Amino acid sequence: MLEPKIMGKTLEVLRKHETFLISSHLNPDGDAVGSQLALYSFLLNLGKEVSVVDSDPVPFAYSFLPNVAVLQCANPKSNKENTRYLSLESIPDVDVAIILDCGNLSRIGEALAERIHPRKALINIDHHHGNANFGTHNLVNTDACAAGEIIFDLMDYVGAEISQDQALCLYTAIFTDTGGFRYSNTTAKALRIAARLIEKGVQPTRVAESVYDTISYQRAKLFGMALETLRLSSDGKLAWVSVTGEMYERAKATSADTEGIIEYIRSLRGVEIAVLFREIENGAIKVSLRSKRGFDVERVAAAFAGGGHKAAAGCTVSEPLDKTIDMILDKLITGH
Ligand SMILES: [Mn+2]
């Protein structure tokens with residue numbers, strides 16, 4: 001839980017200073033984008049001057065969020081239409097920098113992290129376990145389902161009226177970080193906040209459709225090709241699929257379009273381990289492993305110089321696809 005004292009101190013900093021820079025992690029997700037936009041709007045209402053700068057652009061799935069155009073992207077290479085480009089040299093000097101949803105400062109991207117030197121305070125607002133407490137003010141609550149929940153708490157604490165736009169941003173943060181209210185961080189409090197945000201005018205269907213029910217034609221084609229390769233072990237506990245370079249070409253898809261395939265095959269009835277094999281640029285194979293019911297796939301990934309967590313791990317194997325599949329399956333079947 002967050003101490004009211006820390007909330008009070010943080011609010012004091014927000015009230016006292018004039019210029020702010022908000023940032024969040026690489027490959028921003030719904031929590032990063034939603035919590036940044038809600039906080040941006042809150043500070044604007046306090047009469048502050050605020051910039052929001054990230055290393056990577058906003059994914060298309062979040063382009064429906066209000067004020068999304070205020071987000072600036074500091075990496076010219078990943079410049080996309082949803083985000084305005086801002087060179088690192090043009091990043092303004094500010095009194096206070098606020099970092100959202102990051103366990104440590106380098107998560108915003110090394111180059112950007114090096115450029116940020118707030119004159120008065122560095123505020124760290126996060127919900128990850130093992131947060132490095134890198135700020136001068138650390139608003140860290142590992143019980144919070146999302147950084148957006150902490151922003152909600154902050155606004156609630158001062159009794160700020162939450163606008164419909166802010167509600168939409170905070171709802172999206174909470175909705176996406178709980179996997180659409182499915183993961184173990186779907187607490188009673190998360191749902192209570194969601195209910196209050198719906199009362200402010202959020203339409204849950206609209207958020208769900210924008211975030212989850214909007215995939216590209218290319219991704220659907222790639223998904224179909226990958227599922228054609230689906231194989232199941234004789235006991236039905238192990239399922240695997242592969243994606244080749246030729247499939248990307250035929251579907252006009254990119255590696256980002258493989259997102260969701262492994263979760264899909266892991267959800268097969270009876271399956272305890274799912275594996276995705278995909279060809280990467282240099283002809284090597286990227287192997288992603290997911291498990292349920294406690295099987296430790298991290299150990300298997302580690303045997304091939306990879307890593308991750310018990311239920312989600314990965315490694316890269318510099319062998320042809322067929323050989324890689326044999327090696328990994330062999331390790332999964334005989335290694336335990
Ligand atoms: Mn988060």
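Excluded from the calculations below are hydrogen atoms, water molecules and symmetry mates; all remaining heavy atoms, backbone and side chain alike, are included. The structure displayed is predicted, hence computed values, not measured ones. Order of appearance sets the numbers: ligands from 1, and atoms from 1 within every ligand.
Look at Glu246 and Arg250 and you find a salt bridge, because one of the NZ, NE, NH1 or NH2 atoms lies within 4.0 Å of a carboxylate O, short of that distance. Under a 4.0 Å N-O distance rule, the pair Glu18/Lys120 does not qualify as a salt bridge.
Taking hydrophobic clusters as Ile, Leu, Val, Met, Phe, Trp and Tyr residues chained together by side-chain heavy-atom distances below 4.5 Å, Leu154 shares a cluster with Ile98.
Residue contacts to the Mn ion (ligand 1): Asp126 brings no N, O or S atom closer than 2.8 Å. Among the atoms of His128, no N, O or S atom falls under 2.8 Å of the Mn ion (ligand 1). At a cut-off of 2.8 Å, Asp29 is not counted among the residues with an N, O or S atom near the Mn ion (ligand 1).
Within the 3.5 Å criterion, the main-chain N or O of Leu86 finds no donor-acceptor partner in the side chain of Gln72. Between the side chain of Lys237 and the backbone N or O of Ile273, no donor-acceptor pair lies under 3.5 Å.
Asp31 contributes OD2 as its N, O or S atom closest to the Mn ion (ligand 1).
Expressed to the nearest 10°, the angle at the Mn ion (ligand 1) joining OD1 in Asp101 with OD2 in Asp177 is 170°.
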